[in-house]
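I have a structure I would like to understand better, so I am pasting it below and will then ask my questions one at a time.
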Amino acid sequence: GRVRLEWPGDPGALEWARECFSREVGRGETFGELALFSELLGRFRTEATQGIAADALSAWIERGDASYLVDAEARRALGKTRDPRALAILTGRYATDHPSWNDCVLQGTVDGLGALRDAAAVPTLLDALDAKHATSVRRSAIAALGSAREITSDEPLIEAIRQRIEGTMDSFDPGIRIGASRTLAVL
């Protein structure tokens, strides 16, 4: 049947979402339902719920999903939890991600790293700017690095970020150039 999603402040919502992920993924759930599950889990940021949501998402990421889009959404949601373990999980996945349609799984990983708002993710985000990656991955990295001033006061690091983003301005893709311009304006 249809499910009813409540705001994450509802104590039953976390238990419901966790139970959904503890089952084998793909047993009758549609992409939309799985994406909603992962988004819901990503909203749990309180100390009491953050670890539980991150556990469920981490297990799901480890298991994988038949849908690249659902797999990517789980990675985004893990980053949104800002759980301390998420950095290691996402950087590990960044290094080992399998090829996917339009590199959407890797893009989800980069979005998750950006959502962490952790200066320790910056080296991986800088690597994601490399032209070897799909433009969607590069755009996600540029967007994530736009918040660098909010996560670090290390001026040499900010300057390194600025220089790497300036290097993307010669990209053929207009989305990369526009994103780079916007990010450079705030750096």
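A quick note: this is a predicted structure, and the numbers were derived from the prediction, not measured.
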### Reported CG-to-CG distance for the pair Leu113 and Leu87, which is rounded to 0.5 angstrom
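One gets 6.5 Å once the value is rounded to the nearest 0.5 Å.
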### Query
Any link between Ile178 and Leu184 through a network of hydrophobic side chains (Ile, Leu, Val, Met, Phe, Trp, Tyr) touching at under 4.5 Å?
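No; tracing contacts between hydrophobic side chains, which count when under 4.5 Å, never links both residues.
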#### Entry: Between CD1 on residue Ile165 and CG on residue Leu145, distance to nearest 0.5 Å
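Rounded to the nearest 0.5 Å, the CD1-CG separation comes out at 5.0 Å.
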### Message
Going by salt bridge (charged side-chain N to carboxylate O under 4.0 Å, His left out), name the residues that satisfy it together with Asp103, two or more places apart in sequence or in a different chain.
### Response
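If we apply the salt bridge (charged side-chain N to carboxylate O under 4.0 Å, His left out) test to Asp103, skipping adjacent residues, there are no hits.
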### Message
Asp173: which residues meet the salt bridge (charged side-chain N to carboxylate O under 4.0 Å, His left out) condition with it, sequence neighbours left out?
### Response
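If we apply the salt bridge (charged side-chain N to carboxylate O under 4.0 Å, His left out) test to Asp173, skipping adjacent residues, the hits are Arg139.
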#### Entry: Minimal non-hydrogen separation, Thr168 against Ala180, with atom names
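It is OG1-CB, 3.4 Å.
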### Task
Working to the nearest 0.5 Å, report the span between OG of Ser153 and CD1 of Ile158.
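The CD1 atom of Ile158 is 8.0 Å from OG of Ser153, to the nearest 0.5 Å.
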### Message
Which residues pass the side-chain hydrogen bond (donor to acceptor under 3.5 Å, both in side chains) test with Arg162, not counting sequence neighbours?
### Response
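With neighbours one apart ignored, the set is Glu159.
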### Task
Could you check Ser181 against Met169 for side chain to side chain contact (heavy atoms under 4.5 Å, CB included), going step by step and ending with a plain yes or no?
CA-CA 8 Å; Ser181 297; Met169 291 296 290; 3.4 Å; yes
### Heavy-atom pair of closest approach, residues Arg177 and Phe172
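Closest heavy-atom pair between Arg177 and Phe172: NH1-O, 2.9 Å.
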### Query
Which pairs count as salt bridge (Lys or Arg N to Asp or Glu O under 4.0 Å) when at least one residue sits in residues 87-98, sequence neighbours excluded?
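For residues 87-98, and leaving out neighbouring residues, the salt bridge (Lys or Arg N to Asp or Glu O under 4.0 Å) pairs sorted by first residue read Glu62-Arg93, Arg75-Asp97.
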### Message
Tell me whether Arg138 contacts the main-chain N or O of Ala128 through its side chain, where contact means a donor paired with an acceptor under 3.5 Å.
### Response
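Such a contact is absent between Arg138 side chain and Ala128 backbone.
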#### Entry: N/O donor-acceptor pair under 3.5 Å between Thr152 side chain and Ala148 backbone
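Absent.
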### Query
Out of curiosity, Thr124 OG1 to Tyr94 OH, how far, rounded to the nearest 0.5 Å?
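OH of Tyr94 is found 7.0 Å from OG1 of Thr124.
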### Closest heavy-atom pair and its distance - Gly146, Val186
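Minimum heavy-atom separation between Gly146 and Val186: O-CG2, 3.4 Å.
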### Message
So which atom in Leu90 and which in Gly112 form the shortest heavy-atom distance, rounded to 0.1 Å?
### Response
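Heavy-atom minimum between the residues: CD1-C, 3.6 Å.
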### Query
Taking only residues two or more places apart in sequence, or in another chain, which ones meet Arg149 in a salt bridge (charged side-chain N to carboxylate O under 4.0 Å, His left out)?
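Counting only residues at least two positions away or on another chain, Arg149 forms a salt bridge (charged side-chain N to carboxylate O under 4.0 Å, His left out) with Glu155.
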### Task
Measure the CG-CD distance between Leu187 and Gln163 for me, rounded to the nearest 0.5 Å.
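Reported to 0.5 Å precision, the distance equals 11.5 Å.
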### Task
Write down the atom of Ser147, the atom of Ala144, and the distance for their closest heavy-atom approach.
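Closest approach of Ser147 to Ala144: OG-O, 3.0 Å.
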### Query
For Leu78, does its backbone N or O pair with a side-chain atom of Thr81 as donor and acceptor, under 3.5 Å?
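Yes.
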#### Entry: CD-CD1 distance between Glu166 and Ile161, expressed to the nearest 0.5 angstrom
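Going from the CD atom of Glu166 to the CD1 atom of Ile161 covers 12.0 Å.
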### Asp55: salt bridge (charged side-chain N to carboxylate O under 4.0 Å, His left out) partners, not counting sequence neighbours
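If we apply the salt bridge (charged side-chain N to carboxylate O under 4.0 Å, His left out) test to Asp55, skipping adjacent residues, the hits are Arg85.
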### Query
Within a strict 4.5 Å, meaning less than it, do heavy atoms of the Asp71 and Trp60 side chains meet?
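No; the side chains remain at least 4.5 Å from each other.
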#### Entry: Side-chain (Arg76) to main-chain (Asp111) donor-acceptor, under 3.5 angstrom
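Side chain of Arg76 to backbone of Asp111, a donor-acceptor pair under 3.5 Å: no, none is there.
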### Task
With side chain to side chain donor-acceptor pair (under 3.5 Å) as the test, would you mind laying out the steps for Tyr68 and Asn102 before giving the verdict?
CA-CA 10 Å; Tyr68 293 144; Asn102 201 28; over 6 Å; no
### Query
Do Ile142 and Ile176 have side chains that get closer than 4.5 Å, going by heavy atoms?
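Side-chain contact under 4.5 Å: yes.
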### Considering all heavy atoms, the nearest Trp101-Leu69 contact
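Minimum heavy-atom separation between Trp101 and Leu69: CZ3-CD2, 4.1 Å.
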